[in-house]
Amino acid sequence: MPGSISTTKTILLADDDEDDRGFFRDALREVSAAIQLEMAANGIELIDRLGRYGDSSPDLLFLDLNMPRKNGYECLAEIRSDHKFRNLPIVVISTSVQPEAVDQVYNLGASLYVVKPNDYRQLKKIINDVLDMFAGNVLITPAKEKFIVQA
Amino acid sequence: MQPHSIQTIEEARDQLAFAIDAAELATWDFDPQTKQFKGNTRFKEWFGLDMDNEIELDKIRDSISEKDLQRVADASARALDFSTGGLFEVEYSIANALTGQERVVRAKGKTLFDDEQVPRRFTGIIQDITSEVSVREQRQRLLKLVENSVDLMSILNLGGTNSYINPAGRELLGISEDADVTTIPIKDFHTSDQIAFVEAEILPSVMNKGKWAGQFAIRHFRTGEIIPLYNNCHRIDDPHTGAPIGVGAVMRDMRPELNARNELERKVRERTRELQDLNDELERKNKELASFAYVSSHDLQEPLRKISTFISRIDENGWGQDPETEKEYFEKIKLSAARMQALINDLLRFSQLNTSEKEFSRRNLTELIREVLGDLSESIQKNNVVFAIQDLVVLPVIDFQVRQLFSNLVSNSIKFGRAGIQPSITVSGKYVDGIDIESLGADAGRLYYQVKLEDNGIGFEPEYNERVFEVFQRLHGRSEYEGTGIGLAICKKIMDNHYGFIAAQGDPDKGSVFYLYFPAAARKHSKDQEEG
């Protein structure tokens, strides 16, 4: 048999908040046990981690905007400027919807803008929806109307 | 046929009478010895006397105005006295006893004395000067107006000198009250440019159109000061021939008006500048408020969201299903709530730095820092912190705020100490010139006092030297180091309130240095005032 293509998805999460990382990890596990989760605690760690992928790449990146040292905007710009990651689906997560932030993030090439929910069940639903979009290849070039996802 | 001489006398007498009548003169002839008084027809008319009879002295007196009686009597007495020369000249008023007509007259005459100096004949003429007097009185009034005028009034004759300059004019020009203006050529009152202007513009206009008015200037005779004037001048013509004989000028000192205008302009400029500054200040405060509101609401939502999420997880599982996890979550909920509390407190303190009273009092900074260390004694002991504090100066400060400032900085240094190394904090001070810290926004002409606080903690990358002072700017995740991220923003606000500056320099794994700049004095040489 020719080398089997690994179907294990890898999601990379960049979020400086320990609790939020915990929520995400638990929610993801409940949605889909098969997906591998990797985490970065700030922007510098994230860039560093991406650099160590070599030829491969994570399948999906969840990026928190408000991180110390290097925030989400800076990371987004840097990642998209890297040829290797130009097709990487990037889901930006933020505490609130700010029109300027949404525009800026859209222009920088984010795939989706997700507002952090305040309910665990909502979080699971969002992760599920995102994975569906990913499966249907809808994520890379989103329509502006479908750009924002919030509970 | 009459003898030639007799004819001549008669002719001569007729001629004289005719001339006297033509000249409208009254005449009298008085013999001081016989007391006989003779007067011509006109005399009798004016004094309201009987045409046919002899003149009685009393009747004459009746027609002379009471106010003048004594004067006329005195003049008559003097005229009859040989020692005075016998001359008679007096002006007085007549109120005709019969018709009531009033007249002002001038009587002029002479007394003839014999060899024994006895008056023999007192005779003379009287002239009606009523209109002359009225004109004279009007002229007096006008002259008084001119003499008392505040403006310069002058008459320039065609020879190039003034024939008259009123007192106000003399003062303006700088010449004395009694100086003879007719000897001072007008070029002595002007610069050569002004003279050129007079010759090119003013004189032609005055000569051709009869007048000129406009902005002018003279040079003060003594000080040389140039005085701006408004000049209104006109041609004066000879009343009989119509030929120009001079130029009359009225000039107003423009300095009060110009000064008032300058003062007004200056005030407007100043007010505009003040308004501009106020406007800029308002704009800045608005921006600060807007970003403050945004940032605070944003950062407050985080802990709230997490509390909500924790609760929703327990909800989903069902309460009482997993006590261990529930307990764990409740601890985390408590932490989030505490964090919100801390955030709100710090935000309140930050906003209060704007509105609280800014009372300055002179404090010795070394003393103040020691007090702050006293407040932090528990943490200092626990972390075994060592201090080295130099002698600092006395400065006017907002006591409560500066304490908070040092408390924040010292707390930070302790918090961000390097693991396994005894935290050490050094404080020193010195004067610096504003020009050396102009890049921070300092006034180049002022003197500042720099307080330097240095620690040996974990430091930070130099690229964050400025960002550390932004509200909520954190260099570490919340779980790594406690803190709301407002501490340094508060420090900056406090220095703003003192019209000073704060700067930071991080050296990763070596430590951090914080520089505080307090205004020391307005100008450098006041340095001595600040010490002690």
Side-chain angles (χ1 to χ4, degrees), chain A residues 13-31 39-48 64-75 78 93-102 104 114-128 150-151, chain B residues 290-291 293-318 322 325 328-339 416 458 460-464 467-468 470-485 488 506 508:
Chain A
L13 167 69
D15 194 322
D16 66 309
D17 193 285
E18 193 186 344
D19 295 326
D20 280 338
R21 289 200 298 270
F23 290 145
F24 192 92
R25 185 193 57 226
D26 295 344
L28 178 61
R29 203 183 300 127
E30 289 179 38
V31 166
M39 302 195 286
N42 59 55
I44 293 183
E45 251 189 64
L46 170 63
I47 302 298
D48 193 52
D64 180 18
L65 279 184
N66 185 19
M67 293 188 291
R69 290 179 180 263
K70 201 176 241 176
N71 59 36
Y73 301 96
E74 291 168 305
C75 294
E78 223 176 288
I93 42 182
S94 173
T95 314
S96 60
V97 182
Q98 287 289 310
E100 309 87 50
V102 173
Q104 196 180 353
V114 168
V115 180
K116 285 187 187 178
N118 55 11
D119 184 302
Y120 186 67
R121 286 159 286 200
Q122 295 287 353
L123 181 59
K124 285 196 283 186
K125 180 176 187 302
I126 287 172
I127 293 174
N128 199 38
Q150 61 181 104
Chain B
S291 73
Y294 165 69
V295 167
S296 10
S297 67
H298 195 270
D299 254 54
L300 277 171
Q301 276 180 42
E302 294 256 3
L304 207 51
R305 178 179 54 79
K306 290 205 279 183
I307 290 171
S308 199
T309 310
F310 279 124
I311 291 173
S312 72
R313 280 198 81 175
I314 301 172
D315 234 8
E316 196 190 32
N317 287 342
D322 188 349
T325 315
E328 189 193 316
Y329 284 179
F330 267 107
E331 290 302 317
K332 295 204 173 171
I333 288 170
K334 262 168 47 180
L335 278 175
S336 277
R339 181 172 167 77
F416 292 107
I458 59 170
F460 52 87
E461 285 84 350
E463 65 213 60
Y464 296 111
R467 286 177 69 178
V468 282
E470 284 167 31
V471 178
F472 299 123
Q473 176 60 51
R474 289 170 289 117
L475 298 185
H476 307 279
R478 285 188 208 95
S479 33
E480 296 173 69
Y481 291 96
E482 226 179 85
T484 55
L488 285 177

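Residue numbers start from 1 in every chain, and the chains themselves are labelled A, B, ... in the order their sequence lines are given, proteins ahead of strands.
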TODO: Write down the atom of A:Phe23, the atom of B:Lys306, and the distance for their closest heavy-atom approach.
DONE: CZ-O, 4.1 Å

TODO: Enter the distance from A:Lys124:NZ to B:Glu316:CD here, rounded to the nearest 0.5 Å.
DONE: 3.5 Å

- [ ] Can you sort out the partners of A:Glu74 under side-chain contact (heavy atoms from CB on, under 4.5 Å), two or more places apart, ordered by chain and number?
- [x] A:Lys70, A:Asn71, B:Arg467

Open item on the list: Determine whether B:Thr309 and A:Lys116 satisfy the following criterion, side chain to side chain contact (heavy atoms under 4.5 Å, CB included), listing intermediate values before the conclusion.
Closed with: CA-CA 10 Å; B:Thr309 310; A:Lys116 285 187 187 178; over 6 Å; no

Open item on the list: For A:Asp19 and B:Phe310: C-alpha separation, side-chain torsions, deciding distance, then whether side chain to side chain contact (heavy atoms under 4.5 Å, CB included) applies.
Closed with: CA-CA 9 Å; A:Asp19 295 326; B:Phe310 279 124; 3.9 Å; yes

TODO: Counting only heavy atoms closer than 4.5 Å, note whether A:Glu30 contacts chain B via side chain, backbone, both or neither.
DONE: side chain

TODO: Enter the distance from B:Ile307:CD1 to A:Asn118:CG here, rounded to the nearest 0.5 Å.
DONE: 11.0 Å

Open item on the list: Does A:Lys125 have more than 12 heavy atoms from other residues, nucleotides or ligands lying within 6.0 Å of its NZ?
Closed with: no

- [ ] Given side chain to side chain contact (heavy atoms under 4.5 Å, CB included), test A:Asp20 with B:Arg305 step by step and report yes or no.
- [x] CA-CA 10 Å; A:Asp20 280 338; B:Arg305 178 179 54 79; 2.9 Å; yes

